[in-house]
Asker: 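Got a structure for you, written out below as structure tokens; questions coming shortly.
Residue numbers begin at 1 in each chain, while the letters A, B, ... track the order of the sequences.
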Number of protein chains: 2
Amino acid sequence: MEARNTIQRSLVYEAVQQLCHPTAEEAWTFIHQKHPSVSKATVYRNLGVLAQSGALRKISLPDGADHFDSTLSEHYHIRCRLCGLVADVDMPHQERMTDLIKDAAGFLVEGHDIILKGLCPACAQRCPAG
Amino acid sequence: MEARNTIQRSLVYEAVQQLCHPTAEEAWTFIHQKHPSVSKATVYRNLGVLAQSGALRKISLPDGADHFDSTLSEHYHIRCRLCGLVADVDMPHQERMTDLIKDAAGFLVEGHDIILKGLCPACAQRCPAG
DNA sequence: ATTTATGCAAATCATTTGCACATAG
DNA sequence: CTATGTGCAAATGATTTGCATAAAT
């Protein structure tokens, strides 16, 4: 299974770069503007291939579609409860996290995801009460 | 919107207690054995109501159905990549985690989820190569 | 040439919803 | 009584898949 360089695959990769954390749908909408013939299935397939190969990171969020990230260095994400905005979180001392997680219930730990939730600056201001 | 005590609601709560981290489907299968008239929609609805009210915790996992937990004290979860088993993780010093997470990209942080992934003891033994 | 990728439409999976009826308070 | 809950079946949303064709190597 040799991966090939198709136009669609590049377009998908570039869309994720440009859009910062898009969903598959968002990436497709973006691509579809200039390249109306690209199908949604192809976008999904290429997001899968690229995430599998490590070229992209898949961000799975509770309640909603997956997002995709072209930043590969380890970092976490936060989503605004109100507007859905997804942002990067560079956590200081996050190495500690990784250390703490070495043993868990006898499992062989291979990785972890951290998803924060809260209010983005704009929504926090707009809705002071929450 | 006063919550009422229905037989179905109790059955759903008890199923989650008994089964430890079941999905909605698993809870329904369990309940359905002794109470064949209970519908899946009702199980979903009550899981939602109970999670909303804080009586249960919803565990959202990447790639797959949500699980539900009757243990309310703060802890995290790990899922086996091979068999799907979900287990509790009591993380030492997890308070540090909470401290670290106070500020993130200017967001007002309200909570966080940590999902670990790896191999459960049984699968690790069965597939030494991974 | 041969294998991988694409586009389309249909299928799948988890979950939600509209509606008429049942039941808890 | 009256609001909330239930069962059913149909709808939804995200993602995947079968299949014939197209394109990359």
Side-chain angles (χ1 to χ4, degrees), chain A residues 1-16 19 21-53 55-69 79 84 86 115, chain B residues 1-16 19 21-53 55-69 77 79 84 86 113 115:
Chain A
M1 45 181 90
E2 301 283 292
R4 293 178 179 178
N5 291 336
T6 64
I7 299 168
Q8 291 88 337
R9 189 155 298 162
S10 320
L11 289 172
V12 168
Y13 182 78
E14 286 157 23
V16 174
L19 295 176
H21 312 124
T23 61
E25 178 92 29
E26 287 163 349
W28 175 78
T29 301
F30 180 79
I31 293 169
H32 195 254
Q33 288 169 22
K34 298 207 163 182
H35 305 269
S37 68
V38 175
S39 76
K40 209 177 278 191
T42 291
V43 171
Y44 272 101
R45 271 187 288 235
N46 280 315
L47 287 169
V49 168
L50 293 167
Q52 199 68 26
S53 76
L56 292 180
R57 265 182 175 283
K58 178 161 128 181
I59 313 169
S60 290
L61 302 171
D63 307 313
D66 295 342
H67 291 238
F68 294 85
D69 194 340
R79 182 170 49 171
V86 173
I115 302 296
Chain B
M1 44 181 88
E2 302 283 292
R4 293 179 180 178
N5 291 336
T6 63
I7 298 168
Q8 291 90 335
R9 189 155 298 163
S10 319
L11 289 171
V12 168
Y13 182 78
E14 286 158 20
V16 174
L19 294 176
H21 312 125
T23 60
E25 177 91 29
E26 288 164 348
W28 174 77
T29 302
F30 180 79
I31 293 168
H32 195 253
Q33 288 169 23
K34 298 208 163 181
H35 304 268
S37 67
V38 175
S39 78
K40 208 177 280 190
T42 292
V43 171
Y44 272 99
R45 271 187 289 234
N46 280 315
L47 287 169
V49 168
L50 292 167
Q52 200 67 26
S53 75
L56 293 179
R57 265 181 173 282
K58 178 162 129 181
I59 313 169
S60 290
L61 302 171
D63 307 314
D66 294 342
H67 290 238
F68 293 84
D69 195 339
H77 296 95
R79 183 171 50 172
V86 173
D113 289 323
I115 301 297

Asker: Any Lys/Arg nitrogen of Asp113(B) or Arg57(B) sitting under 4.0 Å from an Asp/Glu carboxylate oxygen of the other?
Answerer: no
Asker: Out of dC8(C), dT15(C), dT17(C), which has the shortest distance to the side chain of Arg45(B)?
Answerer: dT17(C)
Asker: Do Leu61(A) and Ile115(A) make a side-chain contact, defined as non-hydrogen atoms from C-beta onward lying under 4.5 Å apart?
Answerer: yes
Asker: With a 4.0 Å limit, can you tell me whether Gln8(A) has a side-chain N or O closer than that to the phosphate oxygens OP1/OP2 of dG7(C)?
Answerer: yes
Asker: Below the 4.0 Å mark, does dG7(D) have OP1 or OP2 next to a side-chain nitrogen or oxygen of Thr42(B)?
Answerer: yes
Asker: Determine the contact category for Ser37(A): base if any of its heavy atoms lies under 4.0 Å from a base atom, sugar-phosphate if only primed atoms, P, OP1 or OP2 are that close, otherwise nothing.
Answerer: sugar-phosphate
Asker: Check every strand shown and say whether Arg9(A) touches a base, only sugar-phosphate, or nothing at a heavy-atom separation below 4.0 Å.
Answerer: sugar-phosphate
Asker: OP1 or OP2 of dT4(D) less than 4.0 angstrom from a side-chain nitrogen or oxygen of Thr6(B), does that happen here?
Answerer: no
Asker: When you measure from the side chain of Ala24(A), which nucleotide among dT15(D), dT6(D), dG5(D) comes out closest?
Answerer: dT15(D)
Asker: Backbone N or O of His21(B) within a donor-acceptor pair of the His67(B) side chain at under 3.5 Å?
Answerer: yes
Asker: Would Asp63(B) and Arg79(B) pass as an ion pair if we require N to O under 4.0 Å?
Answerer: no
Asker: Taking OP1 and OP2 of dT16(D), is either one under 4.0 Å from a side-chain nitrogen or oxygen of Tyr44(A)?
Answerer: no
Asker: Starting from C1' on dT4(D), measure out to CD1 on Ile7(B) and report it in whole angstrom.
Answerer: 15 Å
Asker: Is Val49(A) touching bases, backbone alone, or none of the nucleic acid, heavy atoms closer than 4.0 Å?
Answerer: nothing
Asker: Taking CG from Leu11(A) and P from dT6(C), how many angstroms apart are they, rounded to a whole number?
Answerer: 10 Å
Asker: Whole Å only: how far is the CD atom of Gln52(A) from the P atom of dT16(D)?
Answerer: 11 Å
Asker: Which heavy atom of Thr23(B) sits nearest a heavy atom of Glu26(B), and at what distance?
Answerer: N-OE1, 2.8 Å
Asker: What is the distance, rounded to the nearest whole Å, between atom CD of Glu26(B) and atom C1' of dT15(C)?
Answerer: 15 Å
Asker: Expressed in angstrom and rounded to an integer, what is the separation of Lys40(A) atom NZ from dA14(D) atom C1'?
Answerer: 9 Å
Asker: Any idea which of dT6(C), dT15(D), dG7(C) is nearest the Asn46(A) side chain?
Answerer: dT6(C)
Asker: Find the distance Leu47(B):CG to dA14(C):C1' and express it as a whole number of Å.
Answerer: 13 Å
Asker: Under the 3.5 Å rule, do the base of dA3(D) and the side chain of Arg4(B) count as making a donor-acceptor pair?
Answerer: yes
Asker: Rounding to a whole Å, what distance do you find between Trp28(A):CH2 and dC8(C):C1'?
Answerer: 13 Å
Asker: His35(A) NE2 to dA5(C) P: how many Å, rounded?
Answerer: 19 Å
Asker: To the side chain of Ala41(B), which of dT15(D), dG7(C), dT17(C) is closest?
Answerer: dT17(C)
